[in-house]
Amino acid sequence: MSPNERAAEVRRARFGALPERVAFADMVEERPPADRPVAAYDPDSASARFSCLAADLGL
């Protein structure tokens, strides 16, 4: 028995076999879009996305 075969045998004894592969279809979850308006104006969140000193000063 070669050293590589012995090392492989020791690894298999210590860690066992690899788990079975998971199919891509089992990893993906498809959900319908939320029933909320996408383009609704929210002044609180708009300030987080748009911050400009000139706009704040009304220039």
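Hydrogens, waters and symmetry mates are skipped; everything else that's a heavy atom, side chains included, is used. Along the sequence shown, the residues carry numbers beginning at 1.
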Connecting only ILVMFWY residues whose side-chain heavy atoms lie within less than 4.5 Å of each other, what is the rest of Phe15's hydrophobic cluster? none
Is Val28 linked to Val22 within one hydrophobic cluster, defined over Ile, Leu, Val, Met, Phe, Trp and Tyr using a side-chain heavy-atom separation of less than 4.5 Å? yes
Quick one: list whatever passes side chain to side chain donor-acceptor pair (under 3.5 Å) with Arg12, sequence neighbours left out. none
Nearest heavy-atom approach of Met1 to Glu9 is CE-OE1, 3.3 Å
